[in-house]
Amino acid sequence: MSQPVFTNTIKEYDTLINELTTQININKPENVVQFCFDFFLSRLPNESKGIDQEYVGIHPSDTEIQTSVFETKQPYFPTKEQLEHEEKEEEGEEEDNELYNLPQFKTHIQNRRISVSAESMQPKKLKSFHPEIPKSKVEQAMIRDSLSAHFLFKTIEEEQREQVIGIMQQKTFPEGARVIEQGAAGDYFYIVSSGTLDCLVDGQKVLSYERGGSFGELALMYNAPRAATLVATSPAVLWALDRISFRSVIMESNATKRSMHESFLREVPLFKSMETAEIHKIADALEPVRFEDGQVVLKQDDPGDNFYLIEEGKAVFYKTAPDGSQQKNLHY
Ligand SMILES: Nc1ncnc2c1ncn2[C@@H]1O[C@@H]2COP(=O)(O)O[C@H]2[C@H]1O
């Protein structure tokens, strides 16, 4: 007699839950709900084995997490053995706890705080988990330019940017394909290689994208549902960065930036009495600006829109005297 279908389902369910419990015991995540979400998301690709990694014509709304259709790499849920192996490998190396202890961002999408969770992979390992995808020099340059202009990627280390360029996967979509569906879970960050796409919020077109444009960062950054729908208005070829790599790179970059700025801020008398949390906020908001020798940073009587701290170099302050002459005032 054949086994009832539900028996198999229960078996599969039991296996999955046992595996999840093991992973929770190994990883001891701070945010269990997020961890469970990521775990189940990571298991979905297994279901789609054998499906071509490119667009297969399934409408994103056909499945809650349509990402599985396109996913080729699984998020990293190491076994106990893998973890032990890695610990040995990294013995002597400093643990970057910042990656697992990131600030909370306030998302404008749902107006609720969503923790940027422990889901990450150290950037130095990006390449070991994602094979380098060959690209022409022209495509590499286009991706590089696009990342360098992006508010999230422009401050990352060059080495990391090159790694990101290396692992981005190509995805093709026919005209009319809904690359991203508003409200769905985030899977990839995209850069347009060719074709055009419309961005719709609540069905209304707000923007269109062409070669070099990028989208899909919000859901990945804030762990929030997609804030808009992206429809290909012509056959499109996109470069895609998977969610785990995206978050690892962005978080690592923020953690490094914070620790660099924090130690610098602690030396500034104005900030000496501040609470650590306040220092963190300022450290996160600082952006490096370079000025050439002789370049004017700000002019007397200009509206004050930026506050500057000199990290490196020297500056001279001039004050305009009543007779119009420039008087050297202070020297920093
Ligand atoms: N006005 C907009 N509102 C929301 N998303 C937008 C808007 N304009 C462009 N987008 C992009 O559309 C993407 C949809 O997916 P994400 O929410 O991940 O990230 C979003 C942004 O990259």
Side-chain angles (χ1 to χ4, degrees), residues 34 37-38 41-42 44 55 58-71 73 75 102 104-117 119-120 142-143 145-156 161 164 167-169 171-173 175-234 236-251 253-254:
Q34 176 69 49
F37 173 84
D38 293 336
L41 190 65
S42 81
L44 274 169
Y55 184 77
I58 295 181
H59 188 286
S61 61
D62 290 345
T63 159
E64 172 85 347
I65 301 166
Q66 85 281 14
T67 66
S68 60
V69 177
F70 307 113
E71 185 88 70
K73 287 273 162 273
L102 282 150
Q104 295 207 319
F105 290 90
K106 190 167 186 184
T107 162
H108 62 282
I109 300 162
Q110 292 177 314
N111 204 29
R112 66 188 168 97
R113 279 183 183 273
I114 296 172
S115 164
V116 174
S117 76
E119 176 205 54
S120 68
M142 185 280 291
I143 299 174
D145 288 348
S146 181
L147 292 176
S148 303
H150 195 282
F151 76 102
L152 283 173
F153 289 93
K154 67 179 170 196
T155 53
I156 67 170
R161 192 173 304 140
V164 168
I167 64 168
M168 285 189 95
Q169 313 161 41
K171 303 212 174 270
T172 55
F173 297 89
E175 182 176 346
R178 295 166 84 90
V179 176
I180 285 180
E181 187 77 14
Q182 188 173 345
D187 50 358
Y188 291 103
F189 163 73
Y190 295 100
I191 293 180
V192 184
S193 171
S194 65
T196 48
L197 300 104
D198 276 352
C199 175
L200 315 168
V201 176
D202 299 331
Q204 297 293 312
K205 180 177 162 184
V206 292
L207 216 61
S208 54
Y209 291 96
E210 55 181 23
R211 181 170 168 81
S214 62
F215 55 84
E217 73 289 349
L218 296 180
L220 304 189
M221 260 177 86
Y222 297 115
N223 252 339
R226 294 291 199 186
T229 293
L230 269 295
V231 185
T233 47
S234 65
V237 179
L238 310 178
W239 290 110
L241 179 67
D242 69 281
R243 170 194 176 90
I244 305 265
S245 302
F246 174 95
R247 288 171 61 110
S248 301
V249 168
I250 296 306
M251 288 172 188
S253 149
N254 285 340

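Side-chain atoms are counted along with the backbone in the values below, which use heavy atoms only and exclude waters and symmetry mates. One-based numbering, in listed order, for ligands and for the atoms of each.
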Go through ligand 1 atom by atom and flag the ones less than 4.0 Å from a non-hydrogen atom of Glu217.
-> 18 (O), 19 (O), 21 (C), 22 (O)

With Leu241 as reference, evaluate Leu147, Val164, Leu220 under the side-chain contact (heavy atoms from CB on, under 4.5 Å) test and give the passing residue.
-> Val164

Which segment of Leu207 sits under 4.0 Å of ligand 1 when only heavy atoms are counted = side chain

Enumerate the atoms of ligand 1 whose separation from the nearest heavy atom of Ala219 is less than 4.0 angstrom.
-> 16 (P), 17 (O), 18 (O)

For Glu210 and Val192, indicate whether the former's side chain and the latter's backbone hold a donor-acceptor pair under 3.5 Å.
-> no

Is Ser214 in polar range of ligand 1, meaning some N or O pair under 3.5 Å apart?
-> no

Whether Arg226 side chain and Ala219 backbone form a donor-acceptor pair below 3.5 Å = no

With heavy atoms and a 4.0 Å threshold, my read on which part of Gln182 contacts ligand 1 is neither

Ligand 1 atoms nearer than 4.0 angstrom to some heavy atom of Arg226 are 15 (O), 16 (P), 17 (O), 18 (O)

Sub-4.0 Å atoms of ligand 1 with respect to non-hydrogen atoms of Cys199 = 6 (C), 7 (C), 8 (N), 9 (C), 10 (N), 12 (O)

Where does Ala227 meet ligand 1, judged by heavy-atom distances below 4.0 Å: at the side chain, the backbone, both, or neither?
-> both

So, the side chain of Ser193 versus the backbone of Trp239: is there a donor-acceptor pair under 3.5 Å, distance only?
-> no

Are any side-chain N or O atoms of Arg161 and backbone N or O atoms of Lys154, one a donor and one an acceptor, separated by less than 3.5 Å?
-> yes

Report, in ascending order of atom number, the atoms of ligand 1 lying under 4.0 Å from any heavy atom of Leu230.
-> 12 (O), 13 (C), 14 (C)

Is the backbone of Met142 close enough, under 3.5 Å, to the side chain of Ser146 for a donor and an acceptor to pair up by distance?
-> no

Run down the list Phe215, Tyr209, Tyr188 and name the one with the heavy atom closest to atom 9 (C) of ligand 1.
-> Tyr209

Taking both backbone and side-chain atoms of Val201, is any N or O found less than 3.5 Å from an N or O belonging to ligand 1?
-> no

Indicate yes or no for a side-chain donor-acceptor contact from Ser214 to the backbone of Ile191 under 3.5 Å, with no hydrogens or angles considered.
-> no

Polar side-chain atom of Arg178 near backbone of Thr229 as donor-acceptor pair, under 3.5 Å = no

